[in-house]
Each structure stands twice: as C-alpha cells, then as structure tokens.
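Worksheet for the structure shown next.
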Protein chains: 2
Amino acid sequence: MTPSPKTTKAVFDRLRAAGLRPTRQRLALAKLLFAQGPRHITAEALFNEAKARRINVSLATIYNALHDFTESGLLREITVDANQSYFDTNISAHHHFYFEKSGRLQDVPADEIHITQLPTPPKGGTISRVDVVIRVAD
Amino acid sequence: MTPSPKTTKAVFDRLRAAGLRPTRQRLALAKLLFAQGPRHITAEALFNEAKARRINVSLATIYNALHDFTESGLLREITVDANQSYFDTNISAHHHFYFEKSGRLQDVPADEIHITQLPTPPKGGTISRVDVVIRVAD
DNA sequence: AAGTATTTTAGAATAATTCTAATTTATGTT
DNA sequence: AACATAAATTAGAATTATTCTAAAATACTT
C-alpha cells in the first residue's frame, strides 16, 4: 500500500512553507511525526520508529531534522528530563503534565491554566514563552 | 584565614539535620553552595569552584553530593537546558526567568506569579510541584 | 581501639548528542 | 535533459555530561 498522496502532498507543502527542502528523509520523518495526533518524542524513539518501518535514515539526520524542524517552527523542544530532549508536535500554546515515575508527558491545553500575574523581565528582555510543567507523582 | 566556625557549625548541623554524614567534602561543598545567597550551579561549575579554592574533591563526589543534597531536600534540581543539570540552593517555592541567549537563570519569587486555575491530574496522580519557566529572549 | 557501614575516589563505562569530511541529492539554470 | 551549485545526508569518530565499579579511606558505634 502506497502512502496517501494527499498526506504526502500536505507534508511536502508544510516543509516548503517552513523554508525546508522536502528531501526524502525529511518527508518520511515529517510524516511519522505529523500523521498522527500530537506527540512527544525523543530522537532515539523516532530513530527506532523509522527503522521499524524500514525507513533508511541515519541518526545524525534524525537530529538534524528535529533541530531544523524546531528552528523553523514545526516542532517545539521541551526540557523536563535532564538528559533527554523531547520534541513536541503540538506547537500551539499549551503546557504539560510530567509524570515523574514514567517520564511521560501529557499536554495541558493553554486554557486550563490561568496565569493572572507575571513579572516584567529585566531591562531589555522580552518574554518569548512561558512554560508551565505540572509534575505529577504517580 | 580560617573559615568562620559559626558558618562551619551551621553547615555541619544542616547536613546532620538532613540525615547526611558531615564528611570533609560534603562540608566543603555545602559551604560553597550555601555560604552566599541563592545560586544556580552546575556540577562542572561547582567542581571548578572547588578546585579554585584548593578543595580536593573528585568529580564523582560532586555528583554524589549534589544528588544526596537534592534527595534530602537541601537543593532542588532545575531542568531548563536539555543537556546540563542546574542545582538551585533556593528550595523555597519560586519560579525562574531563563535567559535563552546566555543560559542564565534568575529566581522569580512565588508571589510574582499568580496561577488561579490548574487542571486536575489524571486519576491517582498528585501534583508534586508546578514549575514555571519564563523564557526571555535577551 | 576495633568493627562496620558509608563515603570517596580514579578511571572506565555509558548515553545523548554533535562534529567531520566525504558523498549524495535537490533545485535553478542552461 | 544535462549541469552546476548549494544544501542535505551519512558513517563513524569525537565530545559532553553523567554514572558506574571496585578499591581505599573515613565516620560513627560499641
């Protein structure tokens, strides 16, 4: 079964719109990342998923792609675990539950957290993002 | 100039109270960490600081101490940078500014951020902590 | 002072990530 | 369609932060 042309086309256009060359491996990875609903994934996990589907991509390319995607706004990097980077396919404003035991992440829609006061950043600085992580002891 | 006995004694007692044996190296490190005001420090940075003061401590001990201190509540680990752990000597409730360019952290007192609504964690989970990181583009 | 558990240590090991330099590929231009 | 060029991919080496190992040193109890 060949992949749906519509999906391929959509992903292709999405890469283009982001200013990224739609190469074979970027297309394949983007499809893995964006075909399903929102996900939080590590480089290693994406690498294994690609391997499982017989997609030939080197680990270096996985890292390159994840960073390229992040820089061009297709992904968002989340840092909750000191020694592994998670990448979030949900780029709209939202926050996270972090399950300490399992290390799993879960989205919290932005409107479920109300922040009614924030400090002003020091002279010259601008707030680029406010990340809320709710740590859950499970 | 020998260190103030008062400081030494205070740190000694603090380790004891935390259930940690006040060994030579833990005492020295605790003094570095707690003598001054609140700080955010990495293992490597503490190691260098110790070296600069001719305190003989192995890197493994630095890591052991930081983790022991964290587990017994004398420190708090902060994860904002994907590949370096910061340890915060301020263990009271508070949040952080994170300066993206420099990688520096700055405390934000708890009462400067008002959170008026939080979601309920999934069945069985309990909120152990809510971390707010205000990312500042400087 | 002796005995035992805990801590420290050097150095090896591991894990995640980045780098290097060579090859391949995408794309704009003839 | 072939060509030139810049960008992307790759294998494997290198780097970085951290943990592990097993032996030696130390703290604390008796």
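The shown structure was predicted, so the numbers you read here are calculated from the model rather than taken from an experiment. To find a chain, count down the sequence lines: A is the first, B the second, and so on, and within it residues start at 1.
An OP1 or OP2 oxygen of C:dT9 is reached within less than 4.0 angstrom by a side-chain nitrogen or oxygen of B:Gln25. Not one side-chain nitrogen or oxygen of B:Arg21 sits closer than 4.0 Å to the OP1 or OP2 atom of D:dT26. Look at A:His67 and you won't find any side-chain N or O under 4.0 angstrom from OP1 or OP2 of C:dT17. One finds no side-chain N or O of B:Ser85 lying less than 4.0 angstrom from the OP1 or OP2 phosphate oxygen of D:dA17.
As a whole-Å value, the separation of A:Leu15 CG from D:dA7 C1' is 14 Å. If you measure from atom CD1 of A:Ile62 to atom P of C:dA16, you get 14 Å, rounded to the nearest angstrom. Rounding to whole angstrom units, CZ of residue A:Arg24 and P of D:dT10 are separated by 7 Å. Here D:dG12 presents its P atom at 17 Å from OH of A:Tyr63, a figure rounded to the nearest Å. If you take CD of B:Glu71 and C1' of D:dT19, they are 14 Å apart, rounded to a whole angstrom. Distance B:Gln84 CD to D:dA17 P: 5 Å, rounded to the nearest Å. In this entry the distance linking CG of A:Leu59 with P of D:dA11 reads 10 Å, nearest Å. Between A:Arg26 atom CZ and D:dA7 atom P there is a gap of 11 Å when expressed in whole angstrom units.
Below 30°, between 30° and 60°, or above 60°: for A:His67 and A:Tyr63 the angle between ring planes is between 30° and 60°, a tilted geometry.
Atom NE2 of residue B:His40 and atom OG1 of residue B:Thr89 lie 7.0 Å apart, to the nearest 0.5 angstrom.
Comparing D:dA11, C:dT27, D:dA27 by their closest approach to the side chain of B:Thr23 singles out D:dA27.
Within a 6.0 Å radius of CG in B:Asn56, no more than 12 heavy atoms belonging to other residues, nucleotides or ligands are found.
Heavy-atom nearest nucleotides on DNA chain C were determined for A:Pro22 and for A:Phe87, and the one closer to the 5' end corresponds to A:Phe87. Comparing A:Ala43 and B:Leu20 by the nucleotide of DNA chain C whose heavy atom lies nearest to each, the residue mapping closer to the 5' end is B:Leu20.
Across all strands shown, B:Thr42 has no heavy atoms under 4.0 Å from either base or sugar-phosphate atoms. Counting any heavy atom pair closer than 4.0 Å across all strands shown, A:Thr61 reaches a base atom. Contacts of A:Asn64 with the nucleic acid, taken as non-hydrogen atoms under 4.0 Å apart, include base atoms. Residue contacts shown for A:Asp81 are absent, as no nucleic acid heavy atom lies under 4.0 Å away. The residue B:Asn56 sits close only to the backbone: its heavy atoms come under 4.0 Å of sugar-phosphate atoms, none of a base.
Counting only distance, with no hydrogens or angles, the side chain of B:Arg135 and the backbone of B:Glu100 share no donor-acceptor pair below 3.5 Å.
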A:Leu33 and A:Leu74: CA distance, side-chain angles, deciding distance, side-chain contact (heavy atoms from CB on, under 4.5 Å) verdict: CA-CA 10 Å; A:Leu33 289 169; A:Leu74 298 179; over 6 Å; no
